[in-house]
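Hydrogens, waters and symmetry mates are skipped; everything else that's a heavy atom, side chains included, is used. Naming: A, B, ... by sequence-line order, numbering from 1 per chain.
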Amino acid sequence: MEEENSLIKIRKDKLNEIRSELNINPFPYNYTVTHHSSEIIKNFDDSAPSEAEVSAAGRIMTVREMGKASFCTIQDRDGRIQIYVAINNVGEQNYKLFKKLDIGDIIGVKGTVKKTKTGEISIFATSLTLLSKSIRPLPVVKEKDGEVFDAFADKELRYRNRHVDLIVTPGVKETFIKRIAIIKHIKKILDGKGFYEVETPVLQPLYGGASASPFTSRHNALDMTLYLRISLEPYLKRLIVGGFDRVYEIGKCFRNEGIDRTHNPEFTMLELYQSYADFTDMMAITEEIIEQTAIAITGGTTIAYEGKEINLKTPWRRLKVVDALKEYAGLDVMAMSDADLAAEVKKTGAEIKGDFIWGLAIDELFKQLVEEKLVQPVFITHHPVETTPLCKPDYSDERFLQRFELFINATEIANAYSESNDPVFQRTTLYEQSLRRSVDEEAPPMDENFVQAIETGMPPTGGLGIGIDRVVMLLTGETSIRDVLLFPTMRPQD
RNA sequence: GGGUACCUAGCUCAAUUGGCAGAGCAACUGACUCUUAAUCAGUAGGUUCCGGGUUCGAUUCCCGGGGUACCCA
């Protein structure tokens with residue numbers, strides 16, 4: 001148990017005094033709230049002040065005591081409002097209670113709404129009710145004219161104590177409310193197009209749909225290993241086979257890899273699959289999702305991010321991987337020998353796992369030399385066939401795929417395919433991929449049940465994956481994934 | 001995986017060349033019936049992230065460990 005500091009001791013003593021001296025239950029069961037702070041301020045009519053009583057509740061954030069009349073500010077679900085507490089209005093017992101309250105306590109207030117002499121709309125309290133006594137002190141953040149003093153600045157403490165961060169750091173709650181709105185809006189768009197939202201297994205006997213190391217867990221009763229999914233793809237495709245012709249899922253995926261500004265071990269993906277569609281249909285859906293959501297959240301299609309201006313107005317540019325290499329890196333990879341390609345890869349400092357493979361070399365060069373330059377939205381298309389076994393080759397040149405990745409602000413936001421549905425081809429490519437496990441530990445194992453599903457017959461299908469956390473970062477201006485995850489993964493403290 | 005920086009009171013931060021560990025806010029006591037970063041007077045509050053080492057003496061220098069942030073692969 002944590003050692004008790006003196007501030008907590010003092011607050012526990014006050015808690016006992018409230019019970020024993022004032023005969024007040026510090027943790028009552030409910031309280032009737034008639035108005036929230038923002039409504040009170042919005043509804044206030046200076047020309048005809050109402051004498052009607054309002055009842056509000058919230059957490060005490062500031063206290064200014066002055067003898068027999070004091071001010072405090074409470075914070076509720078959507079803002080703050082000042083409370084005027086005068087002994088003449090609330091009575092002696094209530095005022096004694098007020099003197100024992102601390103920043104962080106949750107109170108209910110009844111009173112009338114008026115402006116103070118200095119013009120601040122306030123509740124002139126007629127009674128106070130303690131709703132919950134706080135015994136652990138909050139960081140004290142002061143604010144004047146929008147300027148914040150003594151901000152709760154230690155990111156480690158903020159992430160480890162997000163409940164505190166949400167209370168005291170301006171804007172944090174708003175970011176997460178935006179996240180909620182973004183996801184809601186995306187669902188609305190897809191629901192409107194006749195997509196069914198489904199839930200597929202998080203715990204899986206085999207994993208696939210991406211190249212990544214999984215988290216491993218164990219089922220005791222079945223005495224078996226289970227993996228946390230690395231993508232949503234394998235089960236959503238089974239549903240396409242099963243006759244759901246349009247499905248999507250927004251859910252957590254888990255990848256056992258490092259943590260940085262754009263990676264958290266658990267993150268949220270949207271994947272959708274549409275029967276009878278191809279990757280160009282997926283481009284149209286991607287454009288609609290991002291553009292329309294940006295308009296709904298930010299009010300327009302131009303967003304400022306890290307000092308750059310990003311224009312999300314559609315349609316977006318489409319550029320083949322090999323053309324992007326020509327344009328941004330000055331490399332005509334189609335005219336280069338394998339040896340030249342290998343030498344270029346080596347120059348970038350990257351390494352190719354296993355033997356030289358033409359398509360993977362081109363993919364690596366793209367990642368190393370081009371990605372960082374793709375600030376405005378662009379669909380990068382036609383990756384080499386070796387980059388994934390789950391996508392159809394393009395009929396006009398079978399060395400390349402009917403695939404795109406969407407880049408915005410040098411970050412991969414979406415990835416889409418004309419999904420592979422030739423079962424003979426699919427069995428071969430997945431088997432070959434599983435063999436790569438000897439040189440690439442991220443290559444997923446062979447999934448016989450998945451191949452059998454494809455063998456049953458999957459319609460031509462367009463598939464799309466969107467990194468929700470990255471979309472939220474883009475639309476909220478946050479530069480770290482940790483600032484758009486309520487509870488980012490942290491190492492244990494001790 | 002590599003590099004750099006940071007970790008001091010509940011919070012935000014100081015501490016000169018290695019020389020008594022400090023301030024503001026918060027807390028506590030008192031004054032104050034329209035304050036708003038309230039004000040005024042006073043009081044208290046520390047395992048300087050952890051473990052070693054050098055030294056008469058370490059928050060400071062060295063080694064190891066932990067955590068976080070930023071940059072790079």
When we call it a touch if two heavy atoms are under 4.0 Å apart, what does [X] touch: a base, just sugar-phosphate, or nothing?
X: A:Glu143; result: sugar-phosphate
X: A:Gln82; result: base
X: A:Lys14; result: sugar-phosphate
X: A:Ile87; result: base
X: A:Phe149; result: base
X: A:Asn88; result: base
X: A:Arg491; result: sugar-phosphate
X: A:Tyr95; result: nothing
X: A:Arg160; result: sugar-phosphate
X: A:Arg11; result: nothing
X: A:Arg158; result: nothing
X: A:Leu7; result: base

[X] [atom1] - [N] [atom2] separation (whole Å):
X: A:Asp154; N: B:U48; atom1: CG; atom2: C1'; answer: 15 Å
X: A:Ile103; N: B:A37; atom1: CD1; atom2: P; answer: 14 Å
X: A:Gln368; N: B:C72; atom1: CD; atom2: P; answer: 12 Å
X: A:Lys346; N: B:A73; atom1: NZ; atom2: P; answer: 18 Å
X: A:Glu65; N: B:C25; atom1: CD; atom2: P; answer: 16 Å
X: A:Tyr84; N: B:A38; atom1: OH; atom2: P; answer: 17 Å
X: A:Glu147; N: B:C25; atom1: CD; atom2: P; answer: 16 Å
X: A:Leu157; N: B:A69; atom1: CG; atom2: C1'; answer: 13 Å

(request) Respond yes when some side-chain nitrogen or oxygen of A:Lys144 is under 4.0 Å from OP1 or OP2 of B:A37, and no when none is. (result)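 A:Lys144 to B:A37 OP1/OP2: side-chain N or O found under 4.0 Å.
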(message) Is A:Lys142 close enough to B:A38 that one of its side-chain N or O atoms is under 4.0 Å from OP1 or OP2 there?
(response)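 Checking B:A38 against A:Lys142, a side-chain N or O does come within under 4.0 Å of OP1 or OP2.
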Would you mind pulling out the nucleotide paired to [N], Watson-Crick or G-U wobble, both distances under 3.5 Å?
N: B:A69; result: B:U4
N: B:G45; result: none
N: B:A9; result: none

(message) Against the six-membered ring of A:Phe149, is A:Lys142 placed for a cation-pi contact (under 6.0 Å from the centre, within 45° of the normal)?
(response)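 Judged by the rule (NZ or CZ under 6.0 Å from the ring centre, within 45° of its axis), A:Lys142 is not positioned above A:Phe149.
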Between [options], which nucleotide has the shortest distance from any of its atoms to the side chain of [X]?
X: A:Val140; options: B:A26, B:U35, B:C28; value: B:A26
X: A:Lys68; options: B:C11, B:U33, B:C28; value: B:U33
X: A:Phe71; options: B:C25, B:C71, B:U35; value: B:U35
X: A:Phe124; options: B:C34, B:U33, B:C28; value: B:C34
X: A:Glu156; options: B:A38, B:U12, B:U68; value: B:U68
X: A:Ile10; options: B:A27, B:U12, B:A37; value: B:A27
X: A:Ala86; options: B:A73, B:U33, B:A26; value: B:U33
X: A:Arg64; options: B:U12, B:A38, B:C34; value: B:A38
X: A:Met66; options: B:G24, B:C32, B:A69; value: B:C32
X: A:Lys117; options: B:C34, B:C70, B:U33; value: B:C34

(request) Would you please say whether a donor-acceptor pair under 3.5 Å links the side chains of A:Gln402 and A:His382? (result)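 On atom types as modelled, these side chains do not qualify, holding no pair under 3.5 Å.
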(message) When you compare the side chain of A:Arg136 with that of A:Ile8, does any pair of heavy atoms fall below 4.5 Å?
(response)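 Yes, close enough: below the 4.5 Å cut-off.
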(message) Are the side chains of A:Glu412 and A:Glu371 in contact, using a 4.5 Å heavy-atom criterion?
(response)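 Contact flag for A:Glu371/A:Glu412 side chains = no.
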(message) Can you tell whether the side chains of A:Asp165 and A:Lys173 come within less than 4.0 Å, N to carboxylate O?
(response)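 Salt bridge absent between A:Asp165 and A:Lys173.
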(request) Inspect the contact between A:Glu53 and A:Lys110 and indicate whether a charged nitrogen and a carboxylate oxygen are less than 4.0 angstrom apart. (result)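 Judged by the 4.0 Å cut-off on N to carboxylate O distance, A:Lys110 and A:Glu53 do not form a salt bridge.
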If the [atom1] atom of [N] is compared with that of [M], how far apart are they to the nearest Å?
N: B:C72; M: B:U8; atom1: C1'; result: 31 Å
N: B:U55; M: B:U17; atom1: C1'; result: 15 Å
N: B:A21; M: B:U48; atom1: C1'; result: 8 Å
N: B:U43; M: B:U47; atom1: C1'; result: 24 Å
N: B:U4; M: B:G19; atom1: C1'; result: 30 Å
N: B:C6; M: B:U60; atom1: C1'; result: 15 Å
N: B:G42; M: B:G24; atom1: P; result: 11 Å
N: B:C11; M: B:G52; atom1: P; result: 25 Å

(request) Start with the C-alpha gap between A:Tyr207 and A:Phe215, add the side-chain angles, then the distance that decides, and say whether ring pair (Phe, Tyr, Trp, His ring centres under 6.0 Å) holds. (result) CA-CA 10 Å; A:Tyr207 56 94; A:Phe215 285 89; over 10 Å; no
(request) Hey, which sits more toward the 5' end of RNA chain B by its nearest nucleotide, A:Ala350 or A:Arg482? (result)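 In this pair, the answer is A:Arg482.
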(request) Begin from the C-alpha positions of A:Phe279 and A:Tyr417 and carry the test ring pair (Phe, Tyr, Trp, His ring centres under 6.0 Å) through to its verdict. (result) CA-CA 5 Å; A:Phe279 79 135; A:Tyr417 308 151; 9.8 Å; no
(message) Any side-chain to backbone donor/acceptor pair from A:Ser37 onto A:Ile81? Under 3.5 Å, distance only.
(response)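 Checking the backbone N and O of A:Ile81 against the side chain of A:Ser37, no donor-acceptor pair under 3.5 Å is found.
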